[in-house]
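The block underneath contains the structure these notes are about, expressed in structure tokens.
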Amino acid sequence: MKLENGIDLDTIVPENELEEEIIADLKSGRSKEVITRCPPEPSGYWYIGHVKAWTINFETAQKFGGKTILRMDDTNPTKEDGEFADSYMADLEWLGFKPEKLVYASESYFDDIYKIAEKMIENGDAYVCELTAEEVSATRGTLTEPGKESPYRNRTPEENLKLFRQMRDGKFPDGSKTLRAKIDMAHPNINMRDPVMYKISRQHHYRVGDKWCIWPQYDFVHPMEDCLEGTTYSLCDKGFQDHRVVYEWFVQHGWGKKYAPKQREFSRCVLENVLTGKRWLKQVVNSGLVSGWDDPRFPTLVGIRRRGYTAKAVKDFVRSVGWGNTIEVTVPYSALEFYVREDLNKIATRAMVVLDPLKVVITNYEGSEEIEIDNNPNDENAGTHKATFSNVIYIEKEDFSLNPPPKYNRLVEGGIVRLKGAYIIKCNKVVFADNGDIDHLECEYIAGTKSGQDNSGIKCKGTIHFVSADNCFEVTIRDFKNLVKEEFKSPAKALADGTPIEEILEPNSMTQSTALAENFLKSAKVEDKFQFMRKGYYCVDKDKHDGHLVFNKTISLKDGFKPSGVATKF
RNA sequence: AGGGGUGUAGCCAAGCGGUAAGGCACACGACUUUGACUCGUGCAUGCGUAGGUUCAAAUCCUGCCACCCCUGCCA
């Protein structure tokens with residue numbers, strides 16, 4: 001069966017129950033198309049967790065040739081402000097999602113929603129209640145006992161309408177009255193016990209200013225927004241499962257048309273060892289422990305982006321987690337890291353950078369020569385770049401050992417090692433400084449072993465990276481540890497149990513050092529991603545440090561080196 | 001008898017009456033001019049539990065158990 005937009009339904013393979021339901025709805029004619037919405041409340045930055053919601057909403061629509069509307073759910077003037085809308089647009093663009101349009105609920109829907117409320121009053125579905133917040137709470141009942149009906153519940157529609165209009169016109173003080181839905185105070189689902197539809201609150205709103213002193217509440221406003229903009233599937237997390245009946249009640253009583261959106265819920269995705277919650281993150285920002293909301297250690301989208309994570313990696317990750325059956329799913333951080341490495345391996349340009357240099361003098365070589373390095377050995381189209389080999393080079397301190405552990409196949413005294421892209425060298429002498437540290441190594445290169453033209457037949461088990469003294473420059477490296485200590489798998493729970501936040505956070509989660517990078521990296525731009533061979537993935541930060549380029553360590557390479565036996569100090 | 005939801009490996013997760021997919025993690029191997037990548041192998045006689053129906057049950061039925069969410073004029 002073909003849809004009007006050209007999508008052939010019979011070729012679509014459903015990946016979860018929702019998609020099966022959508023296909024059935026489309027086939028039966030209940031829905032003509034798929035319209036979803038992305039409804040952030042503009043009150044904070046987005047986290048990795050949001051990506052799941054947006055991916056599901058955008059990609060479900062995409063799959064059926066439908067569209068997704070970005071809707072600022074700005075119905076609460078006390079929490080919201082304008083600074084976030086721009087950041088959401090940037091995040092969405094980074095993620096590669098294109099909303100059909102951007103709407104502000106406050107501007108686009110409040111008038112219509114007000115009219116719906118009046119209509120509901122006329123129909124006897126809503127009433128003005130004069131109970132205080134405390135009284136509403138006290139009469140709501142408990143989990144096991146029914147609530148009590150409000151004494152104002154049975155006013156006539158005429159009275160209610162008059163009062164409601166007076167509420168709107170600012171005739172009553174804040175909190176003195178509410179508009180409530182007339183549902184069922186004895187309903188076993190507490191959300192159905194006459195939920196508040198409008199409250200009175202004289203707050204300046206960042207977009208609609210002082211136009212309103214009454215504000216619609218979530219249970220009422222959300223389904224109405226969905227109806228007004230034609231959403232067919234309102235996909236939210238399982239935290240709203242208990243609100244589905246309320247949603248459906250309002251769709252029926254407030255909207256009442258046969259074209260009705262459906263609310264469906266997926267599970268929230270939580271990562272181990274990741275701190276979320278605006279309140280806590282804000283505290284961390286204010287404490288100066290991190291540089292801001294876009295600190296590379298932060299789980300905000302702006303943070304992980306600065307860290308060097310890719311949108312593809314994050315989306316692949318949330319897709320791998322799936323729709324979910326439980327209210328919340330907790331996934332080890334390594335599950336995300338897998339997708340980060342997977343993507344970076346494909347796209348990151350290889351380069352040689354020595355993080356902790358040890359000087360090596362090639363005693364039987366003079367001058368310098370060009371060598372060629374693959375930009376990405378796994379991608380034939382990635383090309384190559386030039387580096388040099390010369391008589392003075394630097395290797396990693398850890399790539400030389402006076403006292404090697406078993407299976408150590410890097411450089412040792414009297415041993416050989418291949419320099420990536422260049423020659424095999426042999427270590428003849430270790431030169432010590434006065435303090436007993438190694439000052440430098442004296443090595444000889446073995447002629448005829450140059451990369452790509454080696455016919456020496458020499459077998460060399462190790463290959464190490466290096467930079468040549470005449471082809472390197474200093475850069476700053478920032479290395480990060482997880483903000484949260486390893487033992488706190490669920491920082492949210494620890495915090496809830498009263499653990500002080502200082503105890504949860506890693507004290508020195510960022511270290512900064514200087515490294516020697518091959519000159520090729522001089523032209524690197526902010527957000528460019530590299531693999532520093534044998535070390536890890538790094539990306540260029542927006543900061544400069546002492547005039548140096550700054551590289552953030554995104555993630556290390558996997559390290560399969562496991563020396564058997566006990567490794568002594570090396 | 002408040003209501004709602006969920007139990008499949010260390011973590012996600014498919015499965016919808018025909019004999020337990022897949023991914024992460026882990027462990028070994030192979031390959032390797034990145035100890036990366038890639039490739040191979042292993043990893044639940046078992047699906048919360050006890051019964052029942054059936055030739056056949058993770059799937060159907062009954063009872064029990066465990067865990068999560070819900071008492072904002074937040075979203």
Side-chain angles (χ1 to χ4, degrees), chain A residues 15-17 39-41 43 73-76 78-80 129 131-134 136-138 140-147 174-180 186-193 195-201 214-215 217-219 221-222 236 238-245 265 267 269 272 317 319-332 334-339 341-342 345-346 350 352 373-374 376-378 407-410 417-422 424 449 451-452 454 460-465 531-537 556-563:
Chain A
E15 276 160 39
N16 50 243
E17 283 184 20
E41 182 188 23
S43 66
D73 213 4
D74 53 358
T75 58
N76 185 350
T78 65
K79 287 173 68 182
E80 296 140 9
C129 179
L131 259 21
T132 63
E134 295 70 37
V136 168
S137 176
R140 184 158 20 237
T142 67
L143 296 178
T144 53
E145 301 159 57
D174 287 5
S176 62
K177 290 180 176 53
T178 56
L179 183 72
R180 291 229 260 166
H187 197 104
N189 181 334
I190 293 175
N191 300 128
M192 290 289 271
R193 319 240 260 230
V196 171
M197 293 167 63
Y198 272 94
K199 66 174 175 189
I200 305 176
S201 174
I214 55 171
W215 303 92
Q217 302 298 289
Y218 174 83
D219 275 321
V221 81
H222 202 92
C236 56
K238 295 235 181 208
F240 295 98
Q241 217 156 202
D242 287 345
H243 292 259
R244 188 143 122 189
V245 287
E265 312 87 10
S267 50
C269 177
E272 281 181 358
F317 164 70
R319 276 191 289 257
S320 80
V321 171
W323 179 267
N325 304 317
T326 52
I327 188 160
E328 187 171 279
V329 137
T330 306
V331 185
S334 59
L336 202 209
E337 292 185 316
F338 171 83
Y339 293 97
R341 287 196 182 96
E342 184 182 61
N345 179 235
K346 289 193 186 112
R350 282 8 57 136
M352 295 206 282
I373 301 295
D374 282 336
N376 188 337
N378 302 329
K407 293 189 178 173
Y408 183 83
N409 52 21
R410 283 109 98 162
V417 78
R418 159 138 248 139
L419 294 174
K420 177 73 186 173
I424 293 174
T449 61
S451 230
D454 185 348
C460 183
K461 55 189 186 320
T463 301
I464 63 173
H465 60 103
Q531 184 200 87
F532 292 176
M533 273 190 281
R534 304 203 312 126
K535 301 310 300 183
Y537 295 100
S556 66
L557 250 30
K558 277 190 156 183
D559 187 3
F561 178 51
K562 290 175 204 79

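So that the names make sense, note that chain A is the first sequence line, chain B the second, and so on, each numbered from 1.
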A:F240 and A:H243 aromatic ring geometry - parallel, tilted or perpendicular at 30°/60° bounds: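 Rings of A:H243 and A:F240: perpendicular, over 60°.
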
What is the nucleic acid contact for [X], judged by heavy atoms within less than 4.0 Å: base, sugar-phosphate only, or nothing?
| X | value |
| --- | --- |
| A:A335 | sugar-phosphate |
| A:S334 | sugar-phosphate |
| A:L336 | nothing |
| A:S137 | sugar-phosphate |
| A:Q531 | base |
| A:G324 | sugar-phosphate |
| A:D73 | sugar-phosphate |
| A:P377 | base |
| A:Y198 | nothing |
| A:G462 | nothing |
| A:R244 | nothing |
| A:R140 | sugar-phosphate |
| A:S43 | nothing |
| A:G560 | sugar-phosphate |

Measuring only the [atom1] atom in each nucleotide, how far is [N] from [M]? A whole number of Å is fine.
| N | M | atom1 | result |
| --- | --- | --- | --- |
| B:A58 | B:G18 | P | 11 Å |
| B:U8 | B:A14 | C1' | 10 Å |
| B:C37 | B:A56 | P | 48 Å |

Decide yes or no for [X] and [Y]: does some side-chain heavy atom of the first lie under 4.5 Å from some side-chain heavy atom of the second?
| X | Y | answer |
| --- | --- | --- |
| A:E41 | A:Y218 | no |
| A:F317 | A:C269 | yes |
| A:P195 | A:Q217 | no |
| A:N378 | A:R350 | yes |

A:E342, CD: over 12 other non-hydrogen atoms inside 6.0 angstrom: yes

Among [options], the one nearest [X] by side-chain distance:
| X | options | answer |
| --- | --- | --- |
| A:L557 | B:U33, B:C70, B:U34 | B:U34 |
| A:D242 | B:U71, B:C73, B:C69 | B:C69 |
| A:T463 | B:G35, B:C24, B:C74 | B:G35 |
| A:Y408 | B:G35, B:C73, B:C70 | B:G35 |
| A:D559 | B:G35, B:U71, B:C73 | B:G35 |
| A:E41 | B:U34, B:A75, B:G3 | B:A75 |
| A:R534 | B:C74, B:C69, B:G35 | B:G35 |

Quiz item: A:R350 side-chain donor-acceptor pair to B:U34 base, under 3.5 Å: yes

Between [X] ([atom1]) and [N] ([atom2]), how many Å, whole number?
| X | N | atom1 | atom2 | value |
| --- | --- | --- | --- | --- |
| A:N409 | B:A36 | CG | P | 10 Å |
| A:E134 | B:G72 | CD | P | 11 Å |
| A:I464 | B:A36 | CD1 | C1' | 16 Å |
| A:K79 | B:C74 | NZ | P | 9 Å |
| A:N76 | B:G72 | CG | C1' | 10 Å |

Atom pair CZ (A:R341) and CG (A:L557), whose distance is rounded to the nearest 0.5 Å: 7.5 Å

Separation of A:H465 NE2 from A:L419 CG (nearest 0.5 Å):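 Between A:L419 CG and A:H465 NE2, I get 10.5 Å after rounding to 0.5 Å.
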
Contacts of type side chain to side chain donor-acceptor pair (under 3.5 Å), residue A:N409, not counting sequence neighbours: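 Counting only residues at least two positions away or on another chain, A:N409 forms no side chain to side chain donor-acceptor pair (under 3.5 Å).
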
Under a 3.5 Å cut-off for both contacts, is [N] paired Watson-Crick or G-U wobble with anything, and if yes, with which nucleotide?
| N | answer |
| --- | --- |
| B:G72 | none |
| B:G10 | B:C24 |
| B:C60 | B:G52 |
| B:C67 | B:G5 |
| B:A30 | B:U38 |

Got a list of protein N/O to nucleotides 37-39 of chain B N/O distances below 3.5 Å?
from	atom 1	to	atom 2	distance (Å)
B:C37	O2'	A:N345	OD1	3.0

N-glycosidic conformation, B:G72 - syn within 90 degrees of 0, else anti: syn

Evaluation steps, side chain to side chain contact (heavy atoms under 4.5 Å, CB included), between A:N345 and A:Y537: CA-CA 8 Å; A:N345 179 235; A:Y537 295 100; 3.3 Å; yes

Contact letters for nucleotides 5-11 of chain B, in which S counts primed atoms plus P, OP1 and OP2 and B counts the base, heavy atoms under 4.0 Å: SSS---S

B:A75 OP1/OP2 closer than 4.0 Å to side-chain N/O of A:T75: yes

